[in-house]
Amino acid sequence: MNRVATVPRSAARRGAPASGRRRPDWHFRPDIEGLRAVAVIAVVLFHAGLPGMGGGFIGVDVFFVISGFLITGLLRREAANTGTVRLARFYAARARRLLPAAATVLTATVVLSVLLLPPLQARSVIGDGIAAALYVGNYRFAIEGTDYLSTTEPSPLQHYWSLGVEEQFYLVWPALILATVWLLGRTTRLAGVAAMRSATPYLVALTAVGAVSFGVSLTLTESSPSWAFFGLPSRAWELAVGGLVALTIPWWRRLPAVSAAVVGWGGLALIALTCTQVDEATPYPGTAALLPVFGTALVIIAGCATPDLGAGRFLSTPVMRSIGRVSYSWYLWHWPVLILAPALFGRDIGLAGNLAMVLVSLGLAIMTLHLVENPARFAEALRSSTVRSLAVGAVATATAVCAALVLLAIRPVPVGAGEAAAPAAISAPVPEPRPLTPREQIRAAVAASTQPRPVPANLKPSLAQAPNAKPEMFVNGCVRSWRDVDQPECASGDVRSPVRVALFGDSHAAMWESALNPVAQQRHWRLETMGKVTCPPQELPIFSPYLGRTFTECGRWRTQVLSRLRQNPPQLVIVDMVRRYGADFGFTSYDEAWLRGLTELVSTLRGLGSQVLVLGPVPDPHGTVPNCLSDNMDDVLACSPTRRVGINGEGVAAEAAATTAAGGVYADLSELFCTDRRCPVVIGDTLVFRDDNHITSEYAAVLAPVLAELVDQTLARS
């Protein structure tokens with residue numbers, strides 16, 4: 001997010017400014033400084049949740065185009081004037097301007113996260129900080145975004161992804177300029193020195209980069225949204241558009257004043273339109289990013305001809321320029337302040353609180369501008385020495401990384417200090433006075449776990465191991481991701497047995513594989529797991545908020561699975577799905593369409609000759625349980641919802657009626673997790689949830705005898 005806003009005198013020679021005034025070799029572009037204000041205001045108001053600003057995130061695209069324009073102009077001028085690009089000098093300037101402020105805010109954010117957030121969540125932020133300090137945070141977030149089971153809270157450093165994209169561009173683009181200069185140098189004797197000053201070779205190179213990047217963006221927006229949003233390959237075209245404007249300044253300077261004014265206002269209108277009409281459900285960047293990118297390009301183009309007329313006059317006002325001047329630091333501060341404020345105040349602060357935090361972040365940004373950003377940027381000792389400038393950047397980065405590593409060491413994953421708890425595992429029946437059934441033993445363990453107590457010392461899995469406490473099906477490709485439409489054969493248990501049991505549904509169906517696999521081995525069943533994330537097994541018109549479009553892959557996958565079941569019906573189909581689908585999916589769990597789809601699904605499967613067992617929901621803890629426990633090590637119940645909050649009793653009753661009416665068996669699992677008052681998240685010595693909705697493999701294994709009884713009873717109906 002470079003803050004230089006200049007264009008060369010050479011461009012002025014080829015097309016006199018509309019005002020007729022002559023300009024020096026380097027002139028300041030106040031309209032670009034004001035355009036940065038537009039970008040940061042859009043982003044800040046979007047993150048604050050201001051109604052009508054659902055597309056404010058496109059402010060980052062505006063920043064990208066501006067950076068591409070400024071950096072390309074800078075590099076091209078140096079190549080034309082000196083015949084090379086002095087990389088050390090270029091990176092020294094970037095280091096002075098960007099790294100001290102970025103490292104300051106990053107370090108402060110990591111420290112505050114450790115003080116305010118639950119330990120597990122804080123450790124995740126520390127990891128984000130290390131990645132962000134090394135400017136690869138965008139790829140860390142892309143990887144986390146493609147983890148369809150990731151339910152972590154937003155990182156206060158997530159906005160650093162855009163800095164990663166820009167810094168990576170700064171590494172690639174100078175190298176491309178140098179390669180172009182080298183190729184030109186080999187033909188200097190034929191073409192003359194003038195060839196070095198021609199913009200054409202750079203136009204060709206940058207156009208090729210932009211075209212390839214835009215193609216990647218279109219492809220990844222459809223197939224891998226997180227990588228499309230966070231990755232340089234899918235974002236480079238936006239910086240390239242700014243670069244192309246910089247390389248064609250002489251063309252744009254010939255625009256008549258009236259035409260330039262219309263172009264500038266049109267560009268601002270495109271940016272404003274995108275802010276209000278695009279939202280988080282829009283597939284992005286893809287084609288939607290064309291509007292803000294070309295809108296920004298139009299504003300810059302207009303300013304090449306008449307920077308002090310039309311939109312340029314508005315952008316050059318003192319208020320807009322003042323905001324633009326502080327935009328970099330404001331961008332750095334606003335997001336961590338908004339994310340950490342609820343933790344500081346202990347509650348959701350709402351829109352009014354968010355807007356107040358926006359002002360707080362602006363105050364911090366002004367302080368950072370005057371105390372960190374400008375002193376590092378303008379210090380004569382640094383400006384006069386490439387080595388010292390690079391050293392300052394290296395020290396700033398090293399300080400941020402070292403601070404994060406120290407915090408990792410002093411903020412370990414908490415371990416339970418309470419007395420070792422009795423195992424939650426079901427024991428062998430005791431003859432006297434009467435053997436307890438597996439279900440009764442679980443109910444007793446649940447009831448005993450509703451008493452106040454600290455996290456037990458023998459908790460299994462440990463809080464550190466909890467995120468990985470899932471069946472192998474989730475990591476070997478058997479549980480299909482958003483974009484997959486096929487279902488590989490995923491069999492466990494006694495794979496050669498003629499008795500076949502199919503586990504069918506979304507990720508909640510697949511999480512029971514840990515309980516059913518050992519039973520299948522003992523009973524000699526062939527267990528076939530057929531699961532796809534966020535894809536309920538019922539026939540429902542579904543929209544994917546993750547892909548930002550109709551979830552066609554879900555329907556295609558479901559059709560393929562049902563076709564396989566028709567061709568070779570199993571003796572039993574076990575159906576399960578998460579019950580947290582909201583209106584953003586196009587329906588709501590337990591609504592009329594949901595229940596109708598469940599009835600039709602059970603009827604269809606029964607028509608194949610298969611028995612059908614529908615598993616009821618597990619409780620909804622309404623939060624990431626390991627994180628919550630790490631912040632409440634002395635009180636397990638602080639993270640345990642009441643039964644009324646965790647279980648939708650009316651929904652369970654409606655599902656049971658729909659299943660029974662269609663000829664299936666419905667298993668209400670509530671008593672395996674809850675008493676009539678509370679649903680403990682630690683039962684005995686076992687952690688129940690590994691995130692905010694999936695149970696751990698350990699607790700699934702505890703419930704294996706109960707699941708075995710349910711399956712035996714359902715199969716006995718055949």
Side-chain angles (χ1 to χ4, degrees), residues 1-2 39 42-43 46 55-69 71-72 128 131-132 134-148 150 155 157-176 205-245 270-271 274-275 278-297 331 481-484 544-549 553:
M1 296 182 180
N2 211 317
V43 173
F46 164 69
F57 57 85
I58 60 91
V60 174
D61 303 82
V62 177
F63 279 128
F64 285 161
V65 178
I66 293 173
S67 291
F69 173 78
I71 292 301
T72 301
D128 296 338
L134 299 175
Y135 289 94
V136 293
N138 55 321
Y139 295 114
R140 175 177 169 91
F141 295 128
I143 292 171
E144 290 179 348
T146 55
D147 179 3
Y148 45 79
S150 176
S155 169
L157 293 171
Q158 187 162 316
H159 64 315
Y160 270 67
W161 74 268
S162 63
L163 276 67
V165 169
E166 290 199 12
E167 290 295 336
Q168 292 153 26
F169 181 80
Y170 296 161
L171 289 175
V172 173
W173 186 223
L176 189 57
L206 196 52
T207 299
V209 169
V212 172
S213 172
F214 186 64
V216 171
S217 177
L218 293 179
T219 300
L220 292 183
T221 299
E222 175 70 19
S223 63
S224 187
S226 292
W227 285 96
F229 193 89
F230 291 116
L232 172 64
S234 55
R235 292 288 194 162
W237 70 273
E238 302 182 29
L239 293 112
V241 167
L244 292 174
V245 174
L270 280 178
I271 295 172
T274 314
C275 285
V278 169
D279 57 33
E280 291 177 284
T282 303
Y284 207 85
T287 56
L290 289 170
L291 291 176
V293 167
F294 284 110
T296 305
Y331 179 83
S481 186
W482 296 317
R483 294 162 297 279
D484 298 323
S544 173
Y546 306 104
L547 297 175
R549 56 174 171 78
E553 292 87 347

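If you read the sequence from its start, that first residue is 1, and numbering goes on from there. In this text the structure is predicted, and so the values were computed from the model without any measurement.
Note: Phe229 and Trp161 have tilted aromatic rings, judged against thresholds of 30 and 60 degrees for the angle between ring planes. Note: Trp237 and Phe214 have perpendicular aromatic rings, judged against thresholds of 30 and 60 degrees for the angle between ring planes.
For the atom pair Leu176 CG and Leu206 CG, the distance stands at 7.5 Å (nearest 0.5 Å). To the nearest 0.5 Å, the span separating CD on Glu553 from OG on Ser544 amounts to 8.0 Å. The CD1 atom of Ile66 lies 12.0 Å from the CD1 atom of Ile71; values are rounded to the nearest 0.5 Å.
Side-chain N or O atoms of Ser224 include none that pairs as donor or acceptor with a backbone N or O of Leu220 at under 3.5 Å. A donor-acceptor distance shorter than 3.5 angstrom exists from the side chain of Thr219 to the backbone of Gly215, with no hydrogens or angles considered. Panel note: side chain Gln168, backbone Gly164; a donor-acceptor pair is recorded below 3.5 Å. Distance alone, capped at 3.5 Å, places no donor-acceptor pair between the Ser213 side chain and the Glu238 backbone. A donor-acceptor pair is defined here as one N or O able to donate and one able to accept, closer than 3.5 Å; such a pair exists between the side chain of Thr221 and the backbone of Ser217.
Residues satisfying the side-chain contact (heavy atoms from CB on, under 4.5 Å) criterion with Val65, sequence neighbours excluded, are Val293, Thr296, Ile300. Taking Thr72 as the reference, Trp173 meet the side-chain hydrogen bond (donor to acceptor under 3.5 Å, both in side chains) condition, with sequence neighbours excluded.
Counting heavy atoms from C-beta outward, Tyr139 and Trp227 have side chains that approach closer than 4.5 Å.
Under 3.5 Å, the side chains of Tyr331 and Ser162 contain a donor-acceptor pair of N or O atoms. Residues Tyr284 and Asp279 have side chains that never bring a donor and an acceptor to within less than 3.5 angstrom of each other.
Phe230 does not carry Arg140 over the face of its six-membered ring by the limits of under 6.0 Å from the centre and within 45° of the normal.
When all heavy atoms of Ser226 and Ala142 are compared, the closest pair comes out as CB-O, 3.6 Å.
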